[in-house]
Amino acid sequence: MSCYPCAAIRLLIYALLTLVLIPVQMVAIALRLKLADDLPRFYHGLCLKIMHIEVRFSGVPLMEDSGIIVANHASYLDIPVLGSMTKGGFIAKKEVASWPVFGLLAKLQRCSFVERRATRAKQQTTELSQRLANGHKLILFPEGTSNDGNRVLPFKSTLFGVAETVLPDGSQVKVQPVSIAATRLDGAPMGRDLRAFYSWYGDMDLVPHLWQFLALGKVTVEVVVHPPMTLAQAGSRKEMARKCESLVVQGHQAALSGATRGAQVPFSEERRSGDLIGSCPLAIVFEDFRLFG
């Protein structure tokens, strides 16, 4: 059952939160503060609370060091799900940079914008390799587009070439596959049709989709994290893409079938950080806000 008054309240709080934190992040980036790395994760965690999304985790821990996380992609909602679990910059298609509001938010999280053209692959791989060498973590959706959430599309291997990067300590970049699946609505299994309320794909308009989603109850998203691998372990760029795709498909199918019921991921452990709370008065309100679970 949809609750449109709830949707209106959630949308208003989301807008206020975003308006408050945008200038904070701008200043943090300009002054090169550590807060610029911490704040996006904090923001994504708050967004999950507002949107009434429960994230459950199973598998191995997400790596903390520089590396690449590769995941299947069904919706823009995958971004706060992953963004709340780890610090990292998303790799997004170039068009996202020009989107109203969301393009600005992507820039403030220091996303890397790429064109999926063979002629640009070498230059873009070099740019991404430099970010990894500087200690950054990157998050890639190698399907190249979103889908209905009931399947995983074939992984494109082009950007896996960045796994050839040698880090300053001489080690190879680690690539960690992650499976994401929307599995439950208010505790009941979410079927193929209901999953479309989470998934955003094809020619769906963003604003109506977000409005419909915010009117729903609690949505459970299962995240299955697989062991990381290096290019030497995989054998080649194409073989790495194939192995990552296979693991992500296995985890995705297991989550949809109910075979995995991971532990609930708590709201970011950094939420009590004095730096974060001190820089955002509205965050103090959210610390004790109970309406959205």
Side-chain angles (χ1 to χ4, degrees), residues 17-18 20-22 24-51 53 55-57 59-71 73 76-92 96 102 104-114 127-142 159 162-163 165 167-169 171 173-180 221 223-228 264-280 283 286-287:
L17 172 70
T18 302
V20 168
L21 291 187
I22 281 177
V24 175
Q25 181 69 353
M26 285 179 170
V27 171
I29 291 174
L31 298 180
R32 298 183 178 181
L33 303 177
K34 181 179 180 294
L35 180 65
D37 295 322
D38 296 337
L39 191 57
R41 184 176 180 184
F42 179 71
Y43 171 75
H44 288 309
L46 287 174
C47 287
L48 293 183
K49 300 288 282 186
I50 295 168
M51 295 176 181
I53 297 175
V55 179
R56 303 192 74 87
F57 160 89
V60 304
L62 278 167
M63 58 187 178
E64 293 296 332
D65 299 329
S66 174
I68 307 168
I69 293 173
V70 297
H73 190 32
Y76 54 88
L77 298 166
D78 297 332
I79 293 172
V81 167
L82 285 177
S84 69
M85 295 178 68
T86 187
K87 300 174 188 176
F90 289 86
I91 300 174
V96 172
F102 293 103
L104 174 61
L105 294 177
K107 292 174 184 176
L108 290 176
Q109 192 169 348
R110 290 176 287 188
C111 290
S112 295
F113 301 103
V114 300
E127 293 170 357
L128 295 174
S129 296
Q130 186 59 52
R131 290 199 64 179
L132 290 169
N134 290 337
H136 292 196
K137 186 187 299 177
L138 301 176
I139 303 171
L140 170 66
F141 298 118
L159 290 179
V162 75
T165 303
L167 299 176
D169 63 0
S171 64
V173 169
K174 292 181 180 179
V175 176
Q176 186 164 37
V178 174
S179 308
I180 305 173
V221 176
V223 176
V224 184
V225 183
H226 308 279
Q264 183 175 352
V265 176
F267 186 34
S268 173
E269 293 178 0
E270 295 174 349
R271 67 190 185 280
R272 301 186 188 279
S273 163
D275 290 340
L276 293 177
I277 295 297
S279 66
C280 175
F286 275 91
E287 188 69 16

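- Atoms NZ and CG, on Lys34 and Leu39 in that order, are 11.0 Å from each other to the nearest 0.5 Å.
- In this structure, the side chains of Ile69 and Met63 come closer than 4.5 Å at one or more pairs of heavy atoms.
- With respect to Leu167, the side chain to side chain contact (heavy atoms under 4.5 Å, CB included) criterion is satisfied by exactly one of Val173, Asn134, Asp65: Val173.
- Taking all atoms of both residues into account, the shortest heavy-atom contact from Ala133 to Pro168 is O-CG, 3.3 Å.
- For Ser129, the side chain to side chain donor-acceptor pair (under 3.5 Å) partners at least two apart in sequence or on another chain are Thr165.
- Remark: Ala106 pairs with Val96, Cys111, Phe113 by the side chain to side chain contact (heavy atoms under 4.5 Å, CB included) rule, at least two apart or across chains.
- Remark: Ser66 OG to Leu132 CG distance equals 4.5 Å, nearest 0.5 Å.
- Ion pair Lys87/Asp38 flagged as a salt bridge, since at least one NZ, NE, NH1 or NH2 atom sits closer than 4.0 Å to an Asp/Glu carboxylate oxygen.
- With hydrogens and angles disregarded, a donor-acceptor distance shorter than 3.5 Å links the side chain of Ser84 to the backbone of Pro80.
- Counting heavy atoms of neighbouring residues, nucleotides and ligands inside a 6.0 Å radius, atom NZ of Lys174 does not exceed 12 of them.
- Between Leu140 and Leu159 the shortest side-chain heavy-atom distance falls below 4.5 Å.
- Using a 4.5 Å heavy-atom threshold, the side chains of Thr18 and Val20 count as separate.
- Evaluation of the ring pair (Phe, Tyr, Trp, His ring centres under 6.0 Å) rule for Tyr76 yields Trp200, His209 as partners, not counting sequence neighbours.
- With contacts defined as side-chain heavy-atom distances shorter than 4.5 Å, the pair Gln176/Val70 does not qualify.
- A distance of 6.5 Å separates CG of Leu35 from CD of Gln25, quoted to the nearest 0.5 Å.
- Taking every heavy atom of both residues into account, Pro61 and Val225 meet most closely at O-CG1, 4.1 Å.
- No hydrogens or angles considered: a donor-acceptor pair under 3.5 Å links the side chains of His226 and Ser179.
- Side-chain contact annotation: Thr86 with Arg41, donor-acceptor N/O pair under 3.5 Å absent.
- Inter-residue side-chain proximity for Ile79 and Val81 is flagged as unmet; no heavy-atom pair is nearer than 4.5 Å.
- If you take CD1 on Ile91 and CD on Glu127, they are separated by 11.0 Å, rounding to the nearest 0.5 Å.
- Salt bridge present: Arg110 and Asp37 bring a charged side-chain N and a carboxylate O closer than 4.0 Å.
- Closest non-hydrogen pair, Val175 versus Ala163, comes out as CG2-CB, 3.9 Å.
- You'll find the side chain of Val223 stays beyond 4.5 Å of the side chain of Leu62, heavy atoms only.
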Legend entry - side chain to side chain contact (heavy atoms under 4.5 Å, CB included) between Val178 and Val224, worked out: CA-CA 6 Å; Val178 174; Val224 184; over 6 Å; no
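- A distance of 11.5 Å separates OG of Ser112 from CD of Gln130, quoted to the nearest 0.5 Å.
- Inter-residue side-chain proximity for Leu82 and Phe90 is flagged as met; some heavy-atom pair is nearer than 4.5 Å.
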Legend entry - Stepwise side chain to side chain contact (heavy atoms under 4.5 Å, CB included) test for Leu46 and Leu48: CA-CA 5 Å; Leu46 287 174; Leu48 293 183; over 6 Å; no
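- Here the side chains of Gln109 and Pro40 are in contact, with some heavy-atom distance below 4.5 Å.
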